[in-house]
Number of protein chains: 2
Amino acid sequence: MVTIQDVAKAAGVSPMTVSHVINEHPHVKTATRQKVLVAISALDYRVNIAARNLRTGRTGTIGLAVPELDRPYYGHLAALITEAAAEHKLHVVVEQTGATRESELRALALSRNRLYDGLILATVGLGAADSDLLRVDHPVVILGERIFDGPVDHIALPNVDGAQTAVTHLIESGCRRIAILDAAAPEAPHPDDAAPGERAAEVNVSTLRHTGYRTALAAAGIAYDPALVTGVERFTMRGGAEAATRLVESGVPFDGVFCVTDTVAMGALRAFATLGIRVPADVKVIGFDDVPESEYLVPSLSSIAPDHDETARTAVRLLVDRIQHGATGRPAREVVSGYRLVARETTAG
Amino acid sequence: MVTIQDVAKAAGVSPMTVSHVINEHPHVKTATRQKVLVAISALDYRVNIAARNLRTGRTGTIGLAVPELDRPYYGHLAALITEAAAEHKLHVVVEQTGATRESELRALALSRNRLYDGLILATVGLGAADSDLLRVDHPVVILGERIFDGPVDHIALPNVDGAQTAVTHLIESGCRRIAILDAAAPEAPHPDDAAPGERAAEVNVSTLRHTGYRTALAAAGIAYDPALVTGVERFTMRGGAEAATRLVESGVPFDGVFCVTDTVAMGALRAFATLGIRVPADVKVIGFDDVPESEYLVPSLSSIAPDHDETARTAVRLLVDRIQHGATGRPAREVVSGYRLVARETTAG
DNA sequence: TTGTACGCGTTATCAT
DNA sequence: ATGATAACGCGTACAA
């Protein structure tokens, strides 16, 4: 391996001068710089990043940990964050955690994080109960559901409001018996029914969106019917298709479905097509996330579109701030990203 | 920052002993190990990965560079490679290159690569003309189109054969006027029309699949009609929708479409739906890649399914081999992954 | 079984 | 404008 010393020797200068050239420090005579550059390319020298990182304590790289890379939502997010980070001259590398609480905590605690100036953790498994575990001493921004009063910076999706808007849209489109496809067990309690202590442990994407669902029904004077709640094993297309099939086979009449994510909705749409249920004629469907695919489905999928672009930019901005001003100085901030309803064919009149 | 020395002091041992404990070396008395472990957790010590990497010259991590993370194909690939690498106890981090030849070369040459024991580069922009640039001294495996006699290990997709199989399937399904949606300019020449020298520079996913298309037509005695060739600006859903729309508006009659990727096909399906063209009744459609979404579309998309799982495993295996036995020792190997035709609703009788 | 000494390749500090 | 020296934190060889 060719080192900076080899280059220095070849160019007849000191390693320090080579370093100056590499890092584009101003005070190097042009002639010297040339000599060094020639030596560098002659020897095909590459800086050793590990050594540089060790010395500087910085890497210029931030990590993005997502539960699963093969879900459109996270792929889209990764692309946007990569762009946003580039504006701060930061590299992004993405890791897959695996969608369990344990694996997310592992990602958080991993010593690998030393290789990143900061970490953006997209989480599905973590809840308010994990607050203590989130107390880490390096810059971290959590992206996901709402963890109130968490110890780290946090960007929440507009889960409750968004879900409420989605379901209200179904109601305004004429639906009265609205099913919901969301996380299977444990049965999500309505906040009003649970003690504060219990509730805390239950806060996740699914329960929050479930809350929005109930709120919308209540506001419209529609009774909540547990028979319309169908559990989805995993938030995948397959999970959505299976849940939708179970819903239909249960025989419970329904004229609208709110799906906890667009990916689940894609599965549900497929199942309805297979079962001969027409969308939107027989049943209207709406999802959440507005992944790029939704616009191109047939029928195109109505959805709640969080402002992904703003979310990505904010996440990077918060992280950069922590990187520059210390991970533990200021109190944690929480931001809820904006959203809008995107009405498409699956909820058309 | 708490170092290994701090731990040693706290535990009343030498840094060496702490190191042994961390790396689970056998010859440490249980009592000593306990003391050390207590000190580690008391001080919340984490090893400094940068220092370890510098010292060992290994990172236990491989990089995966993909053109765009928000395309289902690459998300899926990333997930599979992450799994395959885990079996070799290797971590995977994913980077987005940006889908241009320059950015892919940059990813290849990047000094960041020193942080990886090896790199898997999924490429779309590189061609045989870049052979020289691919001569790098660290372990690399290229994933993508076929670059004959390249200097690095290389896993090719079954582009020509797969495309031929797809188009033959359309023909057997009754299609006679089969359009193709593939890369826009430059006009892809049929191999027979081009001098060998020219051809070399033109080898990419699109031209290879185009070749398979022409081969299938020729085998069936169907004349090649340039009017049926429609250029796609980018291999995205939008690109597919726009190209399909142009095709329809051109007025050229057609009864089948071969799309260069499933993502392009998704866009085309959407455009046909908007234009009132029924699939498969009026037009049959087939894609390439068999992304997870294809199975769930309405109508579900027929496709050529490369053996993604095997591809991922092979890529990792080749890379691990290079890591263990040197990047430049043996000659480069080329593997073409297997595939199968998946006939679904878009080509149903 | 544990400790000492040193090197990995780079950059910061300070001096020249 | 350039260079000498000393870290950065860890792991390995070897000694004790």
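In the text below, chain A, chain B and the rest are named by the order of the sequence lines, each starting its count at 1. Just so you know, these numbers come straight off a predicted model, no measurement behind them.
Separating the CZ atom of Arg52(B) from the C1' atom of dC8(D) is a distance of 16 Å, rounded to the nearest angstrom. In this structure, Asp6(B) places its CG atom 13 Å from C1' of dC8(D), rounding to the nearest Å. Whole-Å rounding puts the His20(B) NE2 to dT12(D) P distance at 8 Å. With rounding to whole Å, Gln5(B) atom CD is found 12 Å from dG11(D) atom C1'. Atom CE of Met16(B) and atom C1' of dG9(D) are 13 Å apart (whole Å). His27(B) has its NE2 atom 16 Å from the P atom of dC14(D), to the nearest Å. Atom P of nucleotide dG11(D) and atom NE2 of His25(B) are separated by 8 Å, given to the nearest angstrom.
A donor-acceptor pair under 3.5 Å is absent between the side-chain atoms of Ser19(A) and the main chain of Pro15(A), judged by distance alone. A donor-acceptor contact shorter than 3.5 Å links the side chain of Thr311(B) to the backbone of Asp307(B). Side-chain N or O atoms of Asp117(A) include none that pairs as donor or acceptor with a backbone N or O of Ile62(A) at under 3.5 Å.
Considering every non-hydrogen atom in both Val152(A) and Val140(A), the closest pair reads CB-O, 4.3 Å. Scanning all heavy atoms of the two residues, the minimum distance from Ala50(A) to Asn53(B) falls at CB-CB, 4.0 Å. Of all heavy-atom pairs spanning His308(A) and Asp289(A), the tightest one is CE1-O, 2.6 Å.
Terminal axes of the helix from dT1(C)-dA16(D) to dT16(C)-dA1(D) (five pairs each, C1' rotation axis) are separated by 30°, to the nearest 10°.
Comparing dC10(D), dG9(D), dA7(D) by their closest approach to the side chain of Arg55(A) singles out dA7(D).
Within a 6.0 Å radius of NZ in Lys9(B), no more than 12 heavy atoms belonging to other residues, nucleotides or ligands are found. Residue Arg33(B) places its CZ atom among more than 12 non-hydrogen atoms of other residues, nucleotides or ligands, all under 6.0 Å distant.
Within the 4.0 angstrom heavy-atom criterion, no nucleotide atom of any strand lies near Asn53(B). Within 4.0 Å of Leu54(B), counting heavy atoms only, lies at least one base atom of the nucleic acid.
When each of Arg333(A), Arg330(A), Arg317(A) is tested with Asp153(A) by the rule salt bridge (charged side-chain N to carboxylate O under 4.0 Å, His left out), just one qualifies, namely Arg333(A).
Extent of DNA chain C lying under 4.0 Å from chain B heavy atoms, first and last nucleotide in 5' to 3' order, is dT1(C) to dG9(C).
Contact annotation: Thr32(A) reaches the phosphate of dT2(D) (side-chain N/O to OP1 or OP2, under 4.0 Å). For dG3(D), the OP1/OP2 oxygens have a side-chain nitrogen or oxygen of Thr17(A) closer than 4.0 Å.
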